[in-house]
Asks: 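Dumping the structure here so I can ask a few things about it.
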Amino acid sequence: MKKMLYLLIIIIVVLVIILLIRGMRPANQSLEQKAVTKTENPVILLMIDSLMDEPLRKAIKEGRAPAFKYLIEHGHYYSNMVSSYPTMSVTIDSSILTGTYSNKHRVPGLVWYDEKEKRLVNYGSAREEVFKLGVKNVIEDNLYHLNHSHLSRDVKTIHEVLAMEGAQSASINALVYRGNEEKTLNLSKALSKLDMMPESLKIKTPLLFSYGALAQFSPKNNQNTQPWERLGFNDKFSAHELIYLIENGKLPAFTIAYFPDLDKNVHKDGPMNHIDAIEKTDRQLQEVFKTYGSWDEALDSATWIVMGDSGQAKVGEDKSQSLIHLNKMLDSYKIHKITEPVKKDDQIVIAYNERMAFIYNLDQNIELEEIVKTLQKDDRMNLIAWKNGSDVHVATSGQKEKLTFRPNGDFNDKYGQSWLIRGEYSVLDLSVNNFQIEYGTYPDALARLYTSLHSHSGNYIIVDAKPGFEFAGDGTPVHPGGAAHGSIHKQDSLIPMIVTGTDTKPKHMRVVDLYPWILKLLNKSG
C-alpha cells in the first residue's frame, strides 16, 4: 500500500511538471528571422536510435521498409560501424559531434559520478531514478551541464566548427547540440519557486535549433508535443521539423535529426521482434522524401547519412538470473544510496548504464583488486576493467589470468593505433599475429576501454555484462524479456550506416571517424 501511494505521488508530480513546462513553453521560432545561406549539397544526418543490421534487413525483405531499401539501393550500406563506449546515446552523440572518444570529450556515460562535486550525474535514465536523484538536478544536467559544463571545451563540435568557418547547421532533437548561438530556454516560474527546476537556462546552440516542446520551428508541430507524445521527443516531431526546414528553403549546410522511437520498442520487444517499429520509422522517412518532387530528387538534393547509434542485446526473462544486482554482490561495503548525498563513510558509488556500470571506490584503504575478485565470482560478467597509472587491467569471471595494456607499443591494430600488451589475449578475445591485433567479440576494445577509463577523474572499475544480462540498481531501468545496451560486446556496439550522394567514406568504420569525413564533405577543415 505504501509503495502504491508513493507511485501515485510520483505520477501526479510528473503530470504537474509536464503541464507546467508546456504552459511556459516559448513561442515557435520564426524562420523568417533566420538568414540561412543556401547550400548546394547539404549533409543530412538522421540518427535512428537502436537501428540494427539484422532486423533492418528482415524488414526490407518483408517489404516493410521501402525508404530504407531505396536508400541502400541508391547508396552505400555499411553494416558494421563501431559505436563508442559505453554504448549509451549521450556518449555516442558526443563522439559523433566531436570526433573523439570520452577521454577527450569528457561525457563518460548516461550516469556517472562527479568526483569534484561528489554527486551522481544522471542525464535522465528512468523516472524512478530521476525522482530519487532530484528532478532539478537531472533537468539541469540534461538541459545545461551536458552541453555546457561536461562536454569539454577542449573539443569543438561540428556545429561550432562550421559556425567559425562561416557555415550554418541545424540540430533537431539531438541531446548533444552545442553551437555558437546564444538562446534562452524558458521553463517554469512556478516550479522554480519550489526549487524543482530553474526558471530559465541560457544555452548555446546551432543557428537552427529544435528540441521538443521547448524549441520548435513548425507551428503545425504542436500536436506532436503533447505529454502523451513525450513532449515532442518522437519520430513524427523530428520528421515534421526537418520537413519544415526543407519546405521553407532553410536547410543549412549540415543538419542532424534524431529519431528516438525505435529504441523504446527494441527495449521492450527484443533485438528481432520490433519490425513493426522499423516500419513506422520508415513511414517518417517517406514523409520527408515526399517533401521533394520525388525520392530521386530528394537524394539528388543532399548527401544523406542514415544510421543507428548502438545495438542492443537480449535480456533474459527470468529476473532472478538476468538482472545483476551489484549492490548485493558488494554488500560487505558501505554503498552510497542515491536518495542521499554522498557521505564521508560511503565506500562505494555505483553508476548504472544498463549493461555496463562504473563502480567507484571512495575508500583509500580498499584496493580495487579486492573488489575485482568479488566481481569475478559472478559468471555473468563479460569483463572487469580498471586502471593503474597508464596501464589498463582487464579480467573476466572464471579466469585467473588478466590482460594488461597501454597505448604506444609494438602491437598495431587496423585503426592505426599502437599498443603495449601483455597477459592473456583471450580475456578481450584478441587475435595477435606478427604484432597485428585483430578484434573479435569486442570491436576496437583497447581504445574504447582505455578512453572510458580515462574519461573522468576517480578511482573506479568498469563492469560489463554478457548478452542476456543487465545490471540493476535502485530505480534503474531494466528490460527482462526485452533488450538493453551499454556493453562493449559487438551486439551492443555494431550499427548500420547508409550513405547516399557520395562515394567517399570515413577513414575507419567507427562513429568517432565520422567527424573529419563530414567536415570534408562540407569542404571544411575543422
Side-chain angles (χ1 to χ4, degrees), residues 38-61 63-83 96-97 158 162 167-172 174 235 238-243 245-247 249-259 262 278-309 494-511 513-524:
K38 183 176 177 59
T39 304
E40 288 301 319
N41 189 33
V43 173
I44 302 173
L45 171 57
L46 306 184
M47 291 291 298
I48 316 294
D49 199 337
S50 294
L51 182 67
M52 294 181 285
D53 171 61
E54 192 174 351
L56 175 59
R57 289 181 187 273
K58 182 180 179 184
I60 291 172
K61 186 177 180 180
R64 301 172 67 181
F68 281 113
K69 180 181 179 182
Y70 184 81
L71 285 164
I72 292 172
E73 289 177 344
H74 292 79
H76 301 278
Y77 183 65
Y78 308 99
S79 62
N80 291 317
M81 174 76 68
V82 180
S83 189
I96 291 171
L97 282 183
I158 290 177
L162 292 177
Q168 298 163 336
S169 61
S171 177
I172 299 172
D235 286 1
S238 297
H240 287 187
E241 291 292 272
L242 180 56
I243 289 167
L245 291 181
I246 296 167
E247 287 179 337
K250 297 290 185 179
L251 202 63
F254 173 71
T255 299
I256 181 170
Y258 189 75
F259 288 70
L262 186 62
I278 293 176
E279 185 175 18
K280 289 178 181 178
T281 299
D282 191 274
R283 290 194 198 117
Q284 296 309 311
L285 297 184
Q286 293 177 47
E287 290 298 315
V288 173
F289 292 162
K290 284 179 186 177
T291 312
Y292 299 90
S294 65
W295 287 16
D296 283 343
E297 186 179 334
L299 267 58
D300 289 340
S301 300
T303 296
W304 295 82
I305 305 168
V306 182
M307 61 184 291
D309 62 349
L494 296 181
I495 55 176
M497 181 176 73
I498 310 166
V499 180
T500 70
T502 179
D503 292 326
T504 68
K505 60 184 180 180
K507 184 177 182 181
H508 303 293
M509 285 297 132
R510 304 181 301 176
V511 297
D513 295 298
L514 292 174
Y515 179 92
W517 174 63
I518 291 172
L519 290 177
K520 189 174 181 180
L521 288 174
L522 295 166
N523 295 315
K524 304 298 177 184

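Model, not experiment: these values are computed from the prediction.
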Asks: If I compare all heavy atoms of Ala67 with all of Leu285, which pair ends up nearest, and what's the gap?
Replies: CB-CB, 3.8 Å

Asks: Looking at side-chain heavy atoms only, is the closest gap between Ile518 and Ile305 below 4.5 Å?
Replies: yes

Asks: How long is the straight-line distance from CZ of Phe289 back to OG1 of Thr291, given to the nearest 0.5 Å?
Replies: 9.5 Å

Asks: Any chance you could lay out the side-chain contact (heavy atoms from CB on, under 4.5 Å) test for Ile96 and Tyr515, step after step, and finish with the verdict?
Replies: CA-CA 6 Å; Ile96 291 171; Tyr515 179 92; over 6 Å; no

Asks: Does the side chain of Gln286 come within less than 4.5 Å of Trp295's, by heavy atoms?
Replies: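 Side-chain contact under 4.5 Å: yes.
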
Asks: Using the side-chain contact (heavy atoms from CB on, under 4.5 Å) rule, take Leu514 and Met307 through it: C-alpha gap first, then chi angles, then the decisive distance, then the call.
Replies: CA-CA 11 Å; Leu514 292 174; Met307 61 184 291; 3.7 Å; yes

Asks: Does Val288 reach the side chain of Ile44, with side-chain heavy atoms less than 4.5 Å apart?
Replies: no

Asks: I need the Ile498 CD1 to Leu51 CG distance, nearest 0.5 Å.
Replies: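 Interatomic distance, Ile498 CD1 to Leu51 CG, rounded to 0.5 Å: 7.0 Å.
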
Asks: For the CD atom on Glu54, are there more than 12 heavy atoms of other groups (residues, nucleotides or ligands in this structure) within a distance under 6.0 Å?
Replies: no

Asks: Do you know which two heavy atoms are closest between Ile172 and Ser238, and how far apart they sit?
Replies: CG2-CA, 3.8 Å

Asks: Nearest heavy-atom pair of Met47 and Gly308: which atoms, and what distance?
Replies: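 Of all heavy-atom pairs spanning Met47 and Gly308, the closest is CE-O, 3.8 Å.
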
Asks: Once rounded to the nearest 0.5 Å, what's the spacing between atom CD1 of Ile256 and atom CG of Leu242?
Replies: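 Here the rounded value is 12.0 Å.
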
Asks: Will you find, in the side chains of Asp53 and Tyr77, an N or O donor that is under 3.5 Å from an N or O acceptor?
Replies: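 Asp53 vs Tyr77: donor-acceptor pair found between side chains.
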
Asks: Rounded to the nearest 0.5 Å, how far apart are CD1 of Ile246 and CG of Leu251?
Replies: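 Separation between the atoms: 5.5 Å.
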
Asks: Apply side-chain contact (heavy atoms from CB on, under 4.5 Å) to Asp309 and Val511, showing your working.
Replies: CA-CA 8 Å; Asp309 62 349; Val511 297; over 6 Å; no

Asks: Do the side chains of Lys290 and Glu287 get close enough for a salt bridge, i.e. N-O under 4.0 angstrom?
Replies: yes

Asks: Minimum heavy-atom separation for Pro66 to Gly63, with atom names?
Replies: CD-O, 4.3 Å

Asks: Would a 4.5 Å heavy-atom cut-off, applied to side chains only, mark Pro496 and Arg57 as touching?
Replies: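 Not in contact.
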
Asks: For residues Trp304 and Leu299, report the shortest heavy-atom separation together with the two atoms involved.
Replies: NE1-CA, 3.8 Å

Asks: With heavy-atom distances below 4.5 Å as the criterion, would you say the side chains of Asn80 and Met509 are in contact?
Replies: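 Contact flag for Asn80/Met509 side chains = no.
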
Asks: Can you see which heavy atom on Thr500 is nearest to which on Thr303, and at what distance?
Replies: O-CG2, 3.3 Å

Asks: How long is the span from the CD1 atom in Ile48 to the CD1 atom in Ile278, to the nearest 0.5 Å?
Replies: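 Rounded to the nearest 0.5 Å, the CD1-CD1 separation comes out at 10.5 Å.
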
Asks: Taking the side chain as every heavy atom from C-beta outward, state whether Ser301 and Tyr292 have any pair of such atoms under 4.5 Å apart.
Replies: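 Yes. Closest side-chain heavy atoms under 4.5 Å.
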
Asks: Using 0.5 Å steps for rounding, measure from the NE2 atom of His74 to the NZ atom of Lys69.
Replies: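 His74 NE2 to Lys69 NZ: 10.5 Å, rounded to 0.5 Å.
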
Asks: Go through the steps for Tyr78 and Lys505 under the test side-chain contact (heavy atoms from CB on, under 4.5 Å), then give the verdict.
Replies: CA-CA 10 Å; Tyr78 308 99; Lys505 60 184 180 180; 3.6 Å; yes

